[in-house]
Amino acid sequence: TQRGASQVANQINAIIPFYAPMLQGFSTIGRSLAAGGYKGIPKTMAKMSLVVGTPTLTEMLYNVFLEPGVKYKDETGREWTHAEWYLDGLTAEQRTSNWYIAKPGHPPWEAHVFGVMPEMSLLKGIYMDAFELIAGLADIPGVSTDGPFDADHIAVGFARMANIPMYTPL
């Protein structure tokens with residue numbers, strides 16, 4: 001096995017939830033990058049773009065452009081569109097740590113939410129900030145109020161990847 005047989009490795013595995021799968025994920029990504037020398041890096045990045053980048057772009061575009069102009073009232077009486085909820089109702093950590101798929105005809109807070117593997121949070125954060133910057137999603141007047149682009153998804157993705165991996169509840 002790839003898990004160490006030392007007492008320290010066994011104790012760490014017993015203390016930190018999901019430690020063994022996290023190490024296995026890092027090991028797999030590292031072996032994939034190292035395979036073929038410099039030729040392995042573009043090939044791995046292309047695979048990562050396909051596996052993480054495409055779903056991330058799809059998620060962002062779907063939630064921002066779903067039912068434009070249709071508003072739903074929350075329990076405080078505030079009205080939200082799907083775009084407003086996705087960009088301002090959810091935190092960067094919630095968007096980076098989860099796949100968020102809104103249901104048409106339902107309030108945005110009744111969306112399907114699926115956790116992202118911690119080792120993929122950084123990659124999803126990089127793609128989210130890149131798409132936000134390219135498409136200007138952080139600066140949509142009347143929708144996004146968190147100000148100019150600030151790379152917040154990268155920061156929380158890195159923090160989640162490097163931390164003890166736990167799913168972020170909504």
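On a predicted model such as this, the values are computed, not experimentally measured, just so you know. By convention here, the first residue in the shown sequence is residue 1.
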State yes or no: are the ring centers of H82 and F65 separated by less than 6.0 Å?
-> no
Test applied, ring pair (Phe, Tyr, Trp, His ring centres under 6.0 Å); reference residue, Y100; option that passes from W109, F114, Y86 |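 Answer to the ring pair (Phe, Tyr, Trp, His ring centres under 6.0 Å) test with Y100 among W109, F114, Y86: Y86.
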Tell me, do Y127 and P55 make a side-chain contact under 4.5 Å, heavy atoms counted?
-> no
Could you tell me the separation between the [atom1] atom of [X] and the [atom2] atom of [Y], rounded to the nearest 0.5 Å?
{"X": "I154", "Y": "K124", "atom1": "CD1", "atom2": "NZ", "value": "14.0 Å"}
{"X": "H153", "Y": "L122", "atom1": "NE2", "atom2": "CG", "value": "12.5 Å"}
{"X": "T81", "Y": "L87", "atom1": "OG1", "atom2": "CG", "value": "8.0 Å"}
{"X": "L66", "Y": "L61", "atom1": "CG", "atom2": "CG", "value": "12.0 Å"}

Can you see which heavy atom on [X] is nearest to which on [Y], and at what distance?
{"X": "A111", "Y": "I101", "answer": "CB-O, 3.3 Å"}
{"X": "S97", "Y": "S121", "answer": "CA-OG, 4.4 Å"}
{"X": "T76", "Y": "D74", "answer": "OG1-OD1, 2.6 Å"}
{"X": "N98", "Y": "G115", "answer": "OD1-CA, 3.7 Å"}

Tell me, please, which residues at least two apart from E110 pass side-chain hydrogen bond (donor to acceptor under 3.5 Å, both in side chains).
->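 For E110, the residues satisfying side-chain hydrogen bond (donor to acceptor under 3.5 Å, both in side chains) (neighbours in sequence not counted) are H106.
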Show your reasoning for whether side chain to side chain contact (heavy atoms under 4.5 Å, CB included) applies to K73 and R78.
-> CA-CA 5 Å; K73 275 190 182 178; R78 179 174 174 184; over 6 Å; no
Under the side chain to side chain contact (heavy atoms under 4.5 Å, CB included) criterion, do D129 and D152 qualify, and how do the steps go?
-> CA-CA 7 Å; D129 280 337; D152 51 348; 3.5 Å; yes
Assess whether side chain to side chain contact (heavy atoms under 4.5 Å, CB included) is satisfied between W99 and V116, documenting all intermediate values.
-> CA-CA 7 Å; W99 296 112; V116 172; 3.6 Å; yes
Any donor-acceptor pair under 3.5 Å from N63 side chain to A102 backbone = yes
Could you tell me whether K71 sits above the aromatic face of W85, with NZ or CZ closer than 6.0 angstrom to the six-membered ring centre and within 45 degrees of the axis?
->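 Relative to the ring axis of W85, which defines the angle, K71 lies outside at least one limit.
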Path from V156 to F131 over hydrophobic side-chain contacts below 4.5 Å |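 No.
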Check whether the side chains of E84 and Y72 place a donor and an acceptor atom closer than 3.5 Å, and report yes or no.
-> no
Looking at E59 and R95, does any basic side-chain N land under 4.0 Å from a carboxylate oxygen?
-> no
